[in-house]
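Since the model is a prediction, treat every value here as computed from it, not as a measurement. Atoms within each ligand, like the ligands themselves, are counted from 1 in listed order.
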Amino acid sequence: MTVKATYLGHATVLLEGSKKILIDPFLTSNPKAAAKPKELTGIDVVAVTHDHEDHFEDAFSICKREKAVFVGIHELAVAAQREGLTAEPMNIGGSVTVGGVRISMVHATHSSYKGHVAGLIFEIDGKTIYHMGDTGLTYDMKILPEFFDIDLAFVPIGDRYTMGPPSAAKAVEWCGAKKAVPIHYNTFPLIEVDPEDFRKRLPDGVVCVVEPGGSVKV
Ligand code: NI
Ligand code: MN
């Protein structure tokens with residue numbers, strides 16, 4: 001079955017297959033967001049990589065409205081449960097299965113207010129999709145192909161807070177992703193980057209530069 005992955009701007013991604021999964025929703029305060037929170041309906045799972053505002057802003061409110069399951073690191077899941085939400089607590093190295101979708105939490109290196117930042121790998125309808133979260137290049141990515149056959153990766157390239165194009169390209173090479181979509185750039189002046197600089201560092205056809213609102217099917 002085909003999975004449609006839509007880039008909604010910054011680090012927000014919507015996966016649509018047998019389930020609808022919203023990752024790192026930052027829509028209300030993002031002037032470049034391709035959707036408003038109220039436009040996202042039928043969401044089964046809201047998953048977050050960490051609690052910085054530009055990944056977490058709309059997570060609890062959308063979960064509450066959609067009666068979606070919140071998936072995040074233990075500390076954030078407990079906070080969600082205190083808000084009356086249904087949550088699947090987990091931590092780095094582990095996985096949970098929600099509605100037939102396996103979600104694995106992998107290492108990322110960055111900061112957070114609560115818990116730890118993480119990368120998330122979704123196995124849905126026979127496809128494997130990796131959202132790297134906010135991260136620097138970390139050698140742990142190199143071990144991922146032993147456990148996952150990654151069809152598509154969402155890769156932060158904006159520099160300053162995350163990898164820039166050279167290390168982001170190395171991250172794609174190491175994790176073995178067949179396709180990569182750059183994220184977390186050009187939302188604000190502080191993270192202005194030319195995505196071509198990322199695209200040209202990898203073999204032709206690997207990088208799909210997608211404007212907010214655009215989709216990739218795997
Ligand atoms: Ni962050
Ligand atoms: Mn961020």
Side-chain angles (χ1 to χ4, degrees), residues 5-15 21-37 40 46-63 70-80 90-92 103-122 129-138 140-141 152-172 175 177 180-195 197-198 209-214:
T6 304
Y7 178 47
L8 294 174
H10 199 59
T12 308
V13 174
L14 177 65
L15 304 181
I21 300 169
L22 181 63
I23 309 161
D24 281 6
F26 170 56
L27 303 163
T28 301
S29 307
N30 176 7
K32 296 189 176 174
K36 293 189 167 33
L40 298 171
V46 176
V48 301
T49 60
H50 66 303
D51 63 353
H52 285 158
E53 294 84 350
D54 60 320
H55 299 256
F56 190 62
E57 179 179 45
D58 298 304
F60 283 3
S61 58
I62 292 174
C63 256
F70 176 86
V71 174
I73 207 155
H74 173 73
E75 290 80 0
L76 299 183
V78 168
M90 65 186 308
N91 217 312
I92 292 166
I103 305 171
S104 301
M105 190 169 267
V106 298
H107 183 70
T109 185
H110 182 74
S111 64
S112 62
Y113 297 112
K114 195 185 275 185
H116 197 283
V117 66
L120 294 169
I121 300 181
F122 301 84
I129 300 166
Y130 176 24
H131 190 298
M132 291 188 182
D134 278 356
T135 188
L137 182 64
T138 162
D140 301 65
M141 292 166 173
L152 174 64
F154 286 89
V155 185
I157 67 158
D159 209 338
R160 185 181 287 262
Y161 298 108
T162 67
M163 300 181 285
S167 48
K170 184 57 72 176
V172 174
C175 78
V181 172
I183 63 171
H184 211 278
Y185 69 101
N186 292 358
T187 316
F188 314 110
L190 290 177
I191 52 172
E192 266 172 23
V193 157
D194 181 1
D197 186 23
F198 172 62
V209 177
V210 173
E211 289 297 313

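Here OH of Y161 is found 5.0 Å from CG of L190. Values are rounded to the nearest 0.5 Å. To the nearest 0.5 Å, atom OH of residue Y7 and atom CG of residue L14 are 14.0 Å apart. Taken to the nearest 0.5 Å, the CZ atom of F122 stands 11.5 Å off from the CG atom of L152.
When atom types are taken as modelled, the side chain of N91 and the backbone of H74 share no donor-acceptor pair closer than 3.5 angstrom.
Taking 2.8 Å as the criterion, H184 counts as a coordinating residue of the Mn ion (ligand 2), since one of its N, O or S atoms falls below it. Note on D134: counted as a metal contact of the Ni ion (ligand 1), an N/O/S atom lying under 2.8 Å. Distance check for H55 against the Ni ion (ligand 1): none of its N/O/S atoms falls below 2.8 Å.
Within D134, the N, O or S atom lying nearest to the Mn ion (ligand 2) carries the name OD2. The atom of D54 that is an N, O or S and sits closest to the Mn ion (ligand 2) is OD2. Sorting the N, O or S atoms of H52 by how far they are from the Ni ion (ligand 1) puts ND1 first. The N, O or S atom of H55 lying closest to the Mn ion (ligand 2) is NE2. The Ni ion (ligand 1) sits nearest to atom NE2 when only the N, O or S atoms of H110 are considered.
Counting only N and O atoms by type, the side chains of Y113 and E53 include a donor and acceptor under 3.5 Å apart. Neither side chain, H10 nor D24, offers a donor N or O lying under 3.5 Å from an acceptor on the other.
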